[in-house]
2 protein chains.
Amino acid sequence: MSNGVLEPLDQAIVRELAADGRRSFTDLAERVGLSVSAVHQRVRRLEQRGVIRGYTARLDGEQIGLPLTALISLTPNDPAAPDDYPQRLEHISEIESCYSVAGDESYILLVRVGSPLGLEDLLRRIREVAKVSTRTTVVLSTPFEGRSPTL
Amino acid sequence: MSNGVLEPLDQAIVRELAADGRRSFTDLAERVGLSVSAVHQRVRRLEQRGVIRGYTARLDGEQIGLPLTALISLTPNDPAAPDDYPQRLEHISEIESCYSVAGDESYILLVRVGSPLGLEDLLRRIREVAKVSTRTTVVLSTPFEGRSPTL
DNA sequence: GGTGAAAATTGTGGAAT
DNA sequence: ATTCCACAATTTTCACC
């Protein structure tokens with residue numbers, strides 16, 4: 001399938017929905033210069049093609065009881081073990097994102113917890129279920145996060 | 001202000017909107033067991049209080065022309081310089097998130113670019129504008145990302 | 001693909017409890 | 001703070017280009 005570049009109109013739609021995921025079709029139609037129906041159809045197609053993976057509310061970690069964010073680097077205890085770490089970690093809800101990376105470590109996780117004790121417990125669970133050693137970098141503050149990319 | 005814990009009803013609403021940012025008020029009302037108006041009012045209040053910071057479409061980096069993700073650690077060249085890095089970096093649109101962290105480095109950035117050349121150029125700009133040295137970890141794949149937290 | 005319009009559904013504000 | 005109600009706006013489908 002067509003990889004890489006998005007058609008300019010789809011690009012415009014996607015940009016608007018990245019900036020405001022609740023923008024109405026009416027609003028989108030005006031901004032991109034199409035009829036409401038046309039926009040509607042394009043958005044559905046973008047969703048089906050997986051260009052748009054979904055919509056989400058961006059939340060304030062402090063105010064929802066998860067004030068502690070951390071980045072955790074994973075290094076396998078047994079380098080010969082099969083690489084099924086994502087599957088092993090998927091069920092741990094505190095893990096927001098999981099990246100497979102090039103470099104010294106194998107994976108980097110972004111996690112959110114309620115307290116230092118919660119982090120300690122989370123690390124114990126991660127090491128146990130995935131048989132890895134961990135290196136944790138605590139986030140002190142978040143100047144900005146989840147900004148929408150410029151297409 | 002009330003910090004930390006959210007009222008159970010607000011918690012339920014926030015959880016639903018994290019899972020699907022386009023859920024309708026009607027839908028939300030059914031799921032949390034309130035009238036549409038009550039939900040409507042609560043959502044507006046959550047937005048005003050900043051618990052909900054906004055809504056966004058989650059996009060597939062590959063399909064929007066930004067297939068290369070990286071984590072960049074920043075270390076100040078001059079440790080005595082004033083700490084205004086976030087301000088200096090804010091205008092660089094490739095930087096999706098900026099975390100101030102405890103540990104060897106001062107900041108960790110999550111960035112998305114179109115190509116290795118794009119990454120090279122981005123690194124040059126970051127070093128130039130922020131007077132930092134950088135350490136880059138390239139993301140090979142993303143098993144999962146941006147999952148909504150369990151409240 | 002796109003348009004325009006009808007029908008169904010949802011959003012929004014106000015008065016009352 | 002919640003519910004009910006009425007009106008405005010949006011979503012969704014469909015026939016036609």
Side-chain angles (χ1 to χ4, degrees), chain A residues 1-66 146 148-151, chain B residues 1-66 146 148 151:
Chain A
M1 292 303 152
S2 70
N3 224 9
V5 188
L6 220 51
E7 209 188 327
L9 278 170
D10 284 336
Q11 203 172 303
I13 291 172
V14 159
R15 191 190 314 120
E16 293 298 331
L17 285 174
D20 179 359
R22 278 186 87 89
R23 203 147 271 168
S24 72
F25 291 111
T26 310
D27 200 349
L28 287 174
E30 284 177 11
R31 289 171 189 260
V32 307
L34 277 179
S35 71
V36 176
S37 316
V39 170
H40 190 268
Q41 189 170 294
R42 278 175 182 266
V43 171
R44 288 283 167 267
R45 282 196 49 175
L46 288 165
E47 290 170 354
Q48 281 192 312
R49 282 199 286 158
V51 177
I52 297 174
R53 303 167 95 102
Y55 305 88
T56 186
R58 285 179 296 121
L59 305 175
D60 181 339
E62 309 276 341
Q63 295 197 64
I64 60 172
L66 299 172
S148 36
T150 305
L151 301 176
Chain B
M1 299 302 156
S2 70
N3 224 11
V5 188
L6 221 51
E7 208 188 326
L9 278 170
D10 284 337
Q11 203 172 303
I13 291 172
V14 159
R15 192 190 314 123
E16 294 298 329
L17 285 173
D20 180 359
R22 278 185 87 88
R23 203 148 270 171
S24 71
F25 291 115
T26 310
D27 201 348
L28 286 173
E30 284 176 13
R31 287 169 189 262
V32 307
L34 277 180
S35 71
V36 176
S37 308
V39 170
H40 188 267
Q41 191 171 300
R42 278 172 183 268
V43 171
R44 289 282 167 267
R45 199 165 295 153
L46 288 165
E47 289 170 354
Q48 280 192 315
R49 281 199 287 160
V51 177
I52 297 174
R53 304 168 97 104
Y55 304 88
T56 186
R58 285 179 296 121
L59 306 175
D60 181 340
E62 308 276 340
Q63 295 198 62
I64 60 171
L66 298 172
S148 36
L151 303 176

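In what follows, chains are A, B, ... by sequence order, proteins preceding strands, each numbered from 1. From a predicted model like this one, the values you see are computed outputs, not experimental measurements.
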When rounded to the nearest 0.5 Å, the distance separating CD1 of A:Ile13 from CG of A:Leu34 is 6.0 Å

A:Leu17 CG to A:Leu46 CG distance, which is reported to the nearest 0.5 Å: 8.5 Å

Step by step, work out the side chain to side chain contact (heavy atoms under 4.5 Å, CB included) result for A:Ile52 and B:Leu59. CA-CA 5 Å; A:Ile52 297 174; B:Leu59 306 175; 4.0 Å; yes

In this structure, which stretches of DNA chain C are paired as stems of three or more consecutive Watson-Crick or G-U pairs, both distances less than 3.5 Å? C:3-17 with D:1-15

Tell me: CG of A:Leu28 to P of D:dT12, nearest whole Å? 12 Å

How long is the line joining CD of B:Gln41 and P of C:dG13, in whole Å? 11 Å

B:Thr26 side chain: which of D:dT12, C:dG11, D:dA1 is closest? C:dG11

Could B:Asp10 and B:Arg49 be called an ion pair, given the rule that one side-chain N must be under 4.0 Å from one carboxylate O? yes

Among D:dT3, C:dT3, C:dT10, the one nearest B:Ser24 by side-chain distance: C:dT10

Counting only distance, no hydrogens or angles, is the base of C:dG13 paired donor-acceptor with the side chain of B:Ser37 under 3.5 Å? yes

Please state how far atom CZ in A:Phe25 lies from atom C1' in C:dA5, giving the value in whole angstrom units. 18 Å

What integer distance in Å separates B:Arg22:CZ from C:dT9:P? 18 Å

Would you give the length of the straight line joining atom CD of B:Glu30 to atom OG of B:Ser24, rounded to the nearest 0.5 angstrom? 8.0 Å

Between C:dT12, D:dT3, C:dT3, which nucleotide gets closest to the side-chain atoms of B:Val36? C:dT12

Ignoring the backbone of B:Arg42, work out which of C:dT12, D:dA1, C:dG1 is nearest its side chain. D:dA1

B:Arg44 vs C:dG13: side-chain N/O to OP1/OP2 distance below 4.0 Å: no

A side-chain contact here means heavy atoms from C-beta on lying under 4.5 Å apart; do A:Arg45 and A:Arg42 qualify? no

Using the six-membered ring of B:Phe25, assess whether NZ or CZ of A:Arg22 lies under 6.0 Å from its centre and within 45 degrees of the ring axis. yes

When you get a sec, tell me which of D:dT3, C:dG2, C:dG13 is the closest nucleotide to the side chain of B:His40? C:dG13

Under 4.0 angstrom, heavy atoms only, what part of the nucleic acid is A:Arg23 near: base, sugar-phosphate, or nothing? nothing

